[in-house]
Amino acid sequence: QVQLVESGGGLVQAGGSLRLSCAASGRTFSTLSMGWFRQAPGKEREFVAAIRGNYGIVSYADPVKGRFTISRDNAKNTVYLQMNNLKPEDTAVYYCAADLQNGLASRVAVYDYWGQGTQVTVSS
């Protein structure tokens with residue numbers, strides 16, 4: 001069992017920045033791949049970024065490449081999502097997720113555990 005708790009969401013103007021955090025507990029964190037997803041009202045949950053457990057290999061969705069950075073601190077059991085140059089279309093509930101297989105997947109169905117989500121709202 002893995003527990004995930006996101007924090008750091010909020011309201012920001014377009015062009016601004018936010019850093020999301022996701023604290024994990026329950027399993028050896030370094031063995032887990034971690035992903036960030038988002039879901040806007042009326043839309044399906046979509047992949048944002050992922051990072052593997054031990055070597056920090058990362059993957060990003062095209063809409064966020066060059067603006068968002070995923071990172072992790074295995075000593076703190078925490079994964080981060082630094083979001084810069086935010087746009088109104090980034091508005092969504094952001095979820096972190098854990099993959100027990102330590103892959104680098106972008107599909108929702110691959111992930112085994114999910115946090116409760118944190119709201120990010122970007123005003124124009």
Side-chain angles (χ1 to χ4, degrees):
Q1 193 79 0
V2 177
Q3 294 79 40
L4 303 172
V5 180
E6 301 100 332
S7 61
L11 173 64
V12 64
Q13 289 187 330
S17 298
L18 282 174
R19 188 176 83 153
L20 306 183
S21 300
C22 173
S25 61
R27 278 185 86 107
T28 304
F29 183 68
S30 63
T31 66
L32 304 173
S33 283
M34 300 298 296
W36 284 100
F37 290 76
R38 66 187 182 186
Q39 188 166 18
K43 295 188 176 182
E44 293 187 353
R45 193 168 297 189
E46 65 176 8
F47 172 73
V48 174
I51 184 167
R52 294 191 70 174
N54 291 325
Y55 300 104
I57 300 171
V58 299
S59 174
Y60 295 97
D62 286 342
V64 307
K65 282 181 181 178
R67 300 189 298 123
F68 291 11
T69 302
I70 188 170
S71 62
R72 64 192 296 156
D73 185 337
N74 287 342
K76 295 182 178 180
N77 289 358
T78 302
V79 62
Y80 305 97
L81 186 68
Q82 177 67 43
M83 305 185 294
N84 297 329
N85 190 22
L86 282 159
K87 304 175 181 180
E89 52 264 41
D90 295 318
T91 296
V93 177
Y94 283 70
Y95 298 89
C96 73
D99 173 13
L100 298 179
Q101 302 306 312
N102 197 23
L104 206 61
S106 60
R107 292 190 299 120
V108 169
V110 171
Y111 288 80
D112 302 286
Y113 297 97
W114 294 83
Q116 83 288 351
T118 185
Q119 177 70 47
V120 171
T121 303
V122 185
S123 63
S124 57

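Closest approach of N102 to T31, counting heavy atoms only: CB-O, 3.5 Å. Between M34 and I70, the closest heavy-atom pair is O-CD1, 3.9 Å. What you find for A40 and A92 is that their closest heavy atoms are N-CB, 3.8 Å. T118 and G9 get closest at one heavy-atom pair: OG1-N, 3.2 Å. When all heavy atoms of T78 and S21 are compared, the closest pair comes out as CG2-CB, 4.2 Å. Considering every non-hydrogen atom in both A98 and V2, the closest pair reads CB-CG1, 4.4 Å.
In this structure a side-chain-to-backbone donor-acceptor pair under 3.5 Å is present from E6 to Q116. In this structure a side-chain-to-backbone donor-acceptor pair under 3.5 Å is missing from R72 to S33. Although no hydrogens or angles enter the test, the distance criterion places a donor-acceptor pair under 3.5 Å between the side chain of R67 and the main chain of N85. Between the side chain of S30 and the backbone N or O of G53, no donor-acceptor pair lies under 3.5 Å.
Applying the side-chain hydrogen bond (donor to acceptor under 3.5 Å, both in side chains) criterion to D112, with sequence neighbours excluded, gives no partner residue. A search for side-chain hydrogen bond (donor to acceptor under 3.5 Å, both in side chains) contacts involving S17 returns N84, not counting sequence neighbours. Evaluation of the side-chain hydrogen bond (donor to acceptor under 3.5 Å, both in side chains) rule for R107 yields no partner, not counting sequence neighbours.
Rounding to the nearest 0.5 angstrom, the gap separating the CG atom in D90 from the CG atom in L18 is 10.0 Å. Going from atom OG of S124 over to atom NZ of K87 covers 14.0 Å, rounded to the nearest 0.5 Å. If you take CD1 on I51 and OG on S59, they are separated by 11.0 Å, rounding to the nearest 0.5 Å. Here the CZ-CE distance, from R19 to M83, works out to 11.5 Å after rounding to the nearest 0.5 Å.
In the hydrophobic clustering of ILVMFWY residues, with side-chain heavy atoms under 4.5 Å counting as a link, V12 and V48 come out together. There is no path of hydrophobic side-chain contacts, each under 4.5 Å, that joins V5 to L81. Hydrophobic cluster membership is shared by L20 and Y113, with clusters built from Ile, Leu, Val, Met, Phe, Trp and Tyr side chains linked at under 4.5 angstrom.
Among residue pairs with one or both ends in residues 22-53, those qualifying as ring pair (Phe, Tyr, Trp, His ring centres under 6.0 Å) are F37-F47, F37-Y111, F37-W114; sequence neighbours excluded. Annotation: ring pair (Phe, Tyr, Trp, His ring centres under 6.0 Å) contacts involving residues 80-102, sequence neighbours excluded, are absent. Applying the disulfide (SG to SG under 2.5 Å) test to every pair with at least one member in residues 42-82, sequence neighbours left out, gives no pairs at all.
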* **Stepwise side-chain contact (heavy atoms from CB on, under 4.5 Å) test for T91 and Q119** => CA-CA 8 Å; T91 296; Q119 177 70 47; 4.0 Å; yes
* Apply side-chain contact (heavy atoms from CB on, under 4.5 Å) to the pair Q39 and V108, showing each step before the final yes or no. => CA-CA 11 Å; Q39 188 166 18; V108 169; over 6 Å; no
* Could you please spell out the steps behind the salt bridge (Lys or Arg N to Asp or Glu O under 4.0 Å) verdict for D62 and K65? => CA-CA 5 Å; D62 286 342; K65 282 181 181 178; 3.1 Å; yes
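Within 6.0 Å of CD in Q101 there are 12 or fewer heavy atoms belonging to other residues, nucleotides or ligands.
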